[in-house]
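Scroll down for the structure; my scribbles are underneath it.
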Amino acid sequence: MYGALGILALASCKEEPKIMDGNVVRVNQVGYYPNEEKTATVEAVGFADEYQLLDADGKTVWKGIAVREATSEISQKKRQVVDFSEIKTPGSYTLVAGKYAQPVVIADRVLEGLAKGAMKAFYYQRTATDLTEQYAGKWTRPAAHPDTEVLIHGSAASKSRPEGTVISSPGGWYDAGDFNKYIVNSGFSHGIMLCAYQMQPDHYAAYELNIPESGNATPDVLDEMLVNLRWMLTMQDPADGGVYHKLTTPNFEGFVMPVEAHQPRYVVKKTTAAALDFAATMAQASRVYAKYPEYADFVAQTLPAAEKAYAWAIKHDNEPYLQNKLNEEFQPAIFTGAYDDMSFGDEFFWAATELYLSTGKETYLADVKKNIPQCYSLPTWGNVATLGVFDWINASLHTDNAVAKEMAAGFTSSLLGYCEEKIKNVDGSCFQSTYGNKVSDFGWGSLAEGCCCMGVTYLYANALTGNRDYVTAALQNANYMLGQNATGYSYVTGFGTRPFMNPHHRISAADGIEDPLPGMLSGGPNPGKQDEATCPYYTNDFADECYLDNVNSYASNEIAINWNASLFAMVGWLDALLK
Ligand code: 9MR
Ligand code: 9MR
């Protein structure tokens, strides 16, 4: 009795109300693992000399001073870093900095929901499918873009399929905020997810996603990916094995629902990159899907398709996608995503790697050796060599393949060296993260290409060495992505206390539902500001703040399958290691 009155009295006389989510206390808004590092960043200094963590009853369970004051190399802003790792009891807490406060969660399996959400986002991107309430909740929408009548564009014409021929190329996922389907980006997306999957197969296979295939005998993750893999198979010209670069409308559609988007759809030009990314993906999938007899019909198609595409690429080893040039020659002109790439050594390396690992044929190994990457670089849609490196490492760790052991050994020191360089950044950092301290960490899609793919790299480093510091480093990148960063947003829709709300995503913008589709990673801060002409709201030039939670910001706030694939790879793998 007295106690309760005492608290009331204290609240009314002494304490000012706390400002919850004043966006001053920056934390991983999804939450922390009981036994892992836990830090927060307080935006600017001087809010408080002492910080407190309160439990759900308002009792102070921890107090302390900042472990450091750090100055951003990017903006020169000064911030404080708080470390409350010693609190290990699962629960809901509040971290208090003077008059500001921020909820904090500590829980086991705290990233599990996010990992599943990242994969479920692909279901929401499905074309040609009715999204029903049972699986889509409030985000139901009718099927659109059946793609059973797609035109051969002039750039893709061949003897057996002249310009204007109608082909069927149904299924698959929308690439991003737009409604087109691109082979290069699909290949990368499957590539990074299948790489990670092979490192933790039982773990990924156990995820239940509540998709139409849930309840069958095969893993939901593989079922969801199969939706897009089967579409990819339809993009191969059966006559010569070449693969169309993309299936697209001439112009981007407006911000309407898919059923309202009616431009004709074309397949355009066969390219070297499309053929090789296709070959790599199919060869890789052939191994993963072979474990389940239910996939036999798909598996039977994979290697013949992959070998045919690869043979086409050997004969056409320099067919880039040059959209402007094509537009001088062919009608209609095409203005959608280019995924243009001029150098194919990395695609040859990845495709030859996967074909060798799946067939054992020496000719592929010879091509691998001709295209060995010279240094470690983060994998992206335009630089896929590292996906090959990842699968050499996987084969070296999980099979007796002597070639793989030798190959993997050749890549280990540059991969570990890369990690060590990045990890050096943590100690003086504002956000207790290896990512996000340098201007060069930011660009179009950098939260995936930089933050998540760096995290995946650390997890390979951990697999190679057993060194637990690499897991911590990956988790630190996750913390950055989920709110302990320069804008204070959680960059995944639907996850965290302050998630971004306005992706450059046509369905989210047009569906009349306030919440965007959940589980999608934003491209994130991008000092390139390529959208500034139509979206003139950037407030400064600091690379880590060139971000707008604005539907028009395609350069900083779109979503895309390759980015979600990187998110899923990193977070799913962390969930596996920390359970
Ligand atoms: O909406 C398009 C987005 O999906 C693409 O990623 C982006 C870059 O290719 O382009 C967007 O479309 C914009 C176009 O490029 C320029 N005019 C404004 C369009 C957005 O409304
Ligand atoms: O992810 C792509 C990025 O690396 C490029 O710089 C950018 C401009 O070419 O395009 C991005 O990909 C977009 C694609 O072209 C169309 N669909 C949306 C993709 C994400 O913005």
Side-chain angles (χ1 to χ4, degrees), residues 33 35-37 111 115 188 191-204 280 284 287-288 346 349-350 352-354 356-358 365 368-369 371-380 383-426 433-435 448-478 565-579:
Y33 285 90
N35 296 312
E36 301 302 317
E37 182 180 273
L111 291 180
F188 173 83
I192 188 129
M193 290 196 281
L194 289 173
C195 281
Y197 187 99
Q198 292 173 90
M199 294 296 288
Q200 297 288 343
D202 297 339
H203 173 79
Y204 282 108
Q284 191 184 31
R287 298 194 304 278
V288 177
D346 56 311
F349 176 77
W350 180 35
T353 294
E354 299 299 350
Y356 176 73
L357 291 174
S358 294
L365 185 57
V368 166
K369 291 187 172 163
N371 292 291
I372 290 187
Q374 292 313 303
C375 59
Y376 185 82
S377 55
L378 295 177
T380 67
N383 181 1
V384 292
T386 299
L387 299 179
V389 171
F390 287 167
D391 266 357
W392 283 115
I393 294 173
N394 174 59
S396 79
L397 295 173
H398 300 126
T399 71
D400 299 329
N401 187 329
V403 179
K405 295 198 193 293
E406 196 191 314
M407 291 293 296
F411 298 125
T412 300
S413 76
S414 81
L415 186 149
L416 297 181
Y418 176 92
C419 293
E420 289 310 318
E421 266 309 297
K422 294 292 176 192
I423 285 177
K424 273 194 211 151
N425 296 325
V426 179
S433 170
T434 71
Y435 173 79
E449 296 185 358
C451 188
C452 291
C453 289
M454 200 189 279
V456 170
T457 303
Y458 295 137
L459 299 179
Y460 278 97
N462 170 255
L464 284 165
T465 62
N467 183 345
R468 198 62 179 43
D469 293 350
Y470 294 123
V471 180
T472 301
L475 205 46
Q476 288 166 339
N477 280 18
S566 310
L567 171 70
F568 178 66
M570 174 176 79
V571 174
W573 195 343
L574 276 170
D575 178 37
L577 294 175
L578 296 171
K579 70 186 177 193

With no hydrogens and no angle check, is any side-chain donor or acceptor of [X] less than 3.5 Å from a backbone partner on [Y]?
X	Y	answer
Gln374	Ile372	yes
His203	Gly572	yes
Asn467	Asn462	no

| note | Which of Tyr460, Tyr470, Tyr204 passes ring pair (Phe, Tyr, Trp, His ring centres under 6.0 Å) with Trp573? It is Tyr460
| query | How would you list, by chain and number, every residue that makes a side chain to side chain donor-acceptor pair (under 3.5 Å) with Asp346, sequence neighbours excluded? | reply |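 For Asp346, no residue satisfies side chain to side chain donor-acceptor pair (under 3.5 Å) once neighbours in sequence are set aside.
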| task | Could you tell me whether the side chains of Asn383 and Ser377 share a donor-acceptor contact shorter than 3.5 Å? | result |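 A pair is found: one side chain offers a donor N or O, the other an acceptor, under 3.5 Å apart.
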Would you give the length of the straight line joining atom [atom1] of [X] to atom [atom2] of [Y], rounded to the nearest 0.5 angstrom?
X	Y	atom1	atom2	value
Thr472	Asn477	OG1	CG	11.5 Å
Leu577	Tyr33	CG	OH	9.0 Å
Arg287	Glu354	CZ	CD	4.5 Å

Looking only at heavy atoms, which two atoms of [X] and [Y] are closest? And how far apart?
X	Y	result
Ala461	Leu416	CB-CD2, 3.6 Å
Asp391	Cys195	OD1-SG, 3.6 Å
Leu459	Met570	CD1-O, 3.8 Å
Ser566	Cys452	O-CB, 3.7 Å

| said: Going by salt bridge (charged side-chain N to carboxylate O under 4.0 Å, His left out), name the pairs with one or both residues in residues 454-466, residues two or more places apart or in two chains. | reply: none
| task | Decide yes or no on side-chain contact (heavy atoms from CB on, under 4.5 Å) for Leu387 and Thr353, but give the supporting numbers first. | result | CA-CA 9 Å; Leu387 299 179; Thr353 294; over 6 Å; no
| Derivation of the side-chain contact (heavy atoms from CB on, under 4.5 Å) call for Leu357 and Thr399 | CA-CA 10 Å; Leu357 291 174; Thr399 71; over 6 Å; no
| Which is it for Leu378 and Glu449 under the side-chain contact (heavy atoms from CB on, under 4.5 Å) test, yes or no, and what are the steps along the way? | CA-CA 7 Å; Leu378 295 177; Glu449 296 185 358; over 6 Å; no
| remark: Residue set satisfying side-chain contact (heavy atoms from CB on, under 4.5 Å) with Ala473, at least two apart, ordered chain then number -> Ile423, Thr434, Tyr458, Gln476
| said: Quick check: do Met454 and Lys422 have side-chain heavy atoms less than 4.5 Å from each other? | reply: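 A side-chain contact under 4.5 Å exists here.
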| request: Check whether any side-chain heavy atom of Trp350 sits under 4.5 Å from a side-chain heavy atom of Phe188, and report yes or no. | output: no
| said: Let's go through Cys453 and Ile192 carefully: what are the C-alpha distance in whole Å and the side-chain angles of both, what is the deciding distance for side-chain contact (heavy atoms from CB on, under 4.5 Å) to 0.1 Å, and is it a yes or a no? | reply: CA-CA 9 Å; Cys453 289; Ile192 188 129; 4.0 Å; yes
| note | Given the options Thr386, Thr412, Thr457, Tyr376 meets side chain to side chain donor-acceptor pair (under 3.5 Å) only with Thr457
| said: If you count every heavy atom of other residues, nucleotides or ligands that lies below 6.0 Å from Glu406 atom CD, does the total exceed 12? | reply: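 12 or below, so no.
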